[in-house]
Undergrad: 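Have a look at this one before I ask anything.
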Amino acid sequence: MSLQTALQGPVEQVAARLLGCYLERRLDGQTMLVKIVETEAYHQSDAASHSYKGKTERTRVMFGPAGHLYVYFTYGLHYCCNVVAGPVGEGSAVLIRAVEPVRGTELIEARRGKTGITATNGPAKVCQALGIDKQLNGHELSRPPLVLRINPPLAPSTIAQTTRIGISRAKDVPWRFYIKDNPYASNPVLAVK
DNA sequence: AGCGGGATTTTCT
DNA sequence: GAAAATCCCGCTT
């Protein structure tokens, strides 16, 4: 399955599709490999999305080709990263909310100053762990030093679908996805809401 | 265990 | 000028 094929179609479907896929990050001569365990979908038709009000300097990448990385800065000190989805001209992307370390766990925990699930169970934590900042905004995820590797789709019965976290508009849109029973998914308790 | 505030800067109104 | 797709610490129960 190619990267481009996996990123086309409805963005909420892409968000579910990215669960179980790997991100490979080269940094300072070392490699970190993580599994995506939690995502959220955002689309220009969605009031919670940065792309809702149309293309701006900040959201330019969201409207570009699929497979690029959209990085934004928020709350004065945090970065969050998204995988751009859909055709050029459509403002859609998938927020990477949580990952599970597969390789390079020691480096990840050292970069975060935390161990265990608290090292990577939140969108800004993922960026800090993997060293993702504004320099990687617009980066092509088919090329080093940051590669998105598509894995076989997970069985639907292993995926949980809920409303999104940390937004004030379109709270009822159930576009958050995570791998059931995965301890690295952030705050599973919110699933019932 | 749960709540509340502070950090800190980009972006849009 | 205010809000923001967050995180962490410290205080209270």
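Naming: A, B, ... by sequence-line order, numbering from 1 per chain. For clarity, every value in this text was computed on a predicted model and none was experimentally measured.
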Undergrad: If you pin A:Lys134 and A:Gly76 to their nearest nucleotides in DNA chain B, which one's is more 5'?
TA: A:Gly76

Undergrad: Could you give the OH-to-P distance, from A:Tyr52 to B:dT13, as a whole number of Å?
TA: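 Going from OH in A:Tyr52 over to P in B:dT13 covers 12 Å.
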
Undergrad: One thing to verify: whether A:Asp172 and A:Arg164 come together as a salt bridge, which I'm taking to mean a side-chain N less than 4.0 angstrom from a carboxylate O.
TA: no

Undergrad: Between A:Asp133 (CG) and B:dT10 (C1'), how many Å, whole number?
TA: 14 Å

Undergrad: For DNA chain C, whose closest nucleotide is more 5', that of A:Ile167 or that of A:Thr118?
TA: A:Ile167

Undergrad: Would you say the side-chain atoms of A:Glu40 pair up with the backbone N or O of A:Ile165, donor to acceptor, closer than 3.5 Å?
TA: yes

Undergrad: Using a cut-off of strictly less than 4.0 Å, decide whether A:Thr56 has a side-chain nitrogen or oxygen near OP1 or OP2 of B:dT11.
TA: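 False: A:Thr56 side-chain N/O out of range (4.0 Å or more) of B:dT11 OP1/OP2.
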
Undergrad: Take atom P in B:dC3 and the same atom in C:dA5, then report the distance between them in whole Å.
TA: 22 Å

Undergrad: Figure out the CD1/C1' separation between A:Ile117 and C:dC7, and round it to whole Å.
TA: 15 Å

Undergrad: Write down the distance between CG (A:Asn82) and C1' (C:dA4), rounded to a whole number of angstrom.
TA: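 My rounded result for the distance is 14 Å.
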
Undergrad: So, does A:Lys114 get its side chain near the phosphate of C:dC9, meaning an N or O under 4.0 Å from OP1 or OP2?
TA: yes

Undergrad: Return the nucleotide paired to C:dA5: Watson-Crick means purine N1 to pyrimidine N3 with N6-O4 or O6-N4, wobble means G-U with N1-O2 and O6-N3, both under 3.5 Å.
TA: none

Undergrad: Does A:Ala155 offer a backbone N or O that forms a donor-acceptor pair with the side chain of A:Thr158 under 3.5 Å?
TA: yes

Undergrad: Please state how far atom CG in A:Asn137 lies from atom C1' in C:dA5, giving the value in whole angstrom units.
TA: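 My rounded result for the distance is 15 Å.
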
Undergrad: Between the base of C:dA5 and the side chain of A:Tyr72, is there a donor-acceptor distance below 3.5 Å?
TA: yes

Undergrad: Rounded to whole Å, please give me the gap between NE2 in A:His78 and C1' in B:dT9.
TA: 12 Å

Undergrad: Between B:dT9, C:dA4, B:dA7, which nucleotide has the shortest distance from any of its atoms to the side chain of A:Leu77?
TA: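 Looking only at heavy atoms from C-beta outward on A:Leu77, the closest nucleotide is B:dA7.
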
Undergrad: Rounded to the nearest Å, what distance is computed from the OH atom of residue A:Tyr75 to the P atom of nucleotide C:dA2?
TA: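 For the pair A:Tyr75 OH and C:dA2 P, the rounded distance is 17 Å.
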
Undergrad: With sugar-phosphate meaning primed atoms plus P, OP1 and OP2, does A:Ala48 contact a base, only sugar-phosphate, or nothing at under 4.0 Å between heavy atoms?
TA: base

Undergrad: Does A:Tyr42 lie flat on the base of C:dA5, that is, centres under 5.5 Å apart and planes under 30° off?
TA: yes

Undergrad: Between C:dC7, B:dT9, C:dA5, which nucleotide gets closest to the side-chain atoms of A:Phe73?
TA: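 Nucleotide nearest to A:Phe73's side chain: B:dT9.
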
Undergrad: Any donor and acceptor pair, going by atom type alone, linking the side chain of A:Thr39 with main-chain N or O of A:Ile36 inside 3.5 Å?
TA: no

Undergrad: Nearest to the side chain of A:His50 - C:dA5, C:dT6, B:dT9?
TA: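 From the listed options, C:dA5 comes nearest.
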
Undergrad: Between C:dC8 and A:Lys125, is there an OP1 or OP2 to side-chain N/O distance shorter than 4.0 Å?
TA: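 Checking A:Lys125 against C:dC8: at least one side-chain N or O falls below 4.0 Å of OP1 or OP2.
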
Undergrad: Which residues pass the salt bridge (charged side-chain N to carboxylate O under 4.0 Å, His left out) test with A:Glu24, not counting sequence neighbours?
TA: A:Arg149

Undergrad: Can a donor-acceptor pair be found, under 3.5 Å and without considering hydrogens, that links the side chain of A:Thr31 to the backbone of A:Arg26?
TA: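 Answer holds: no.
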
Undergrad: Round to the nearest Å and state the distance from A:Glu38 atom CD to C:dT6 atom P.
TA: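 Distance check: A:Glu38 CD to C:dT6 P gives 11 Å.
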
Undergrad: Choosing from C:dA4, B:dT11, C:dT6, which nucleotide comes nearest the side chain of A:Arg58?
TA: B:dT11

Undergrad: Checking base pairs now: Watson-Crick or wobble, both atom distances under 3.5 Å. What partners B:dA1?
TA: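 Paired with B:dA1, as far as the under-3.5 Å criterion goes, is C:dT12.
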
Undergrad: Applying a 4.0 Å non-hydrogen cut-off, can you work out what A:Arg97 is touching in the nucleic acid: base, sugar-phosphate, or nothing?
TA: sugar-phosphate

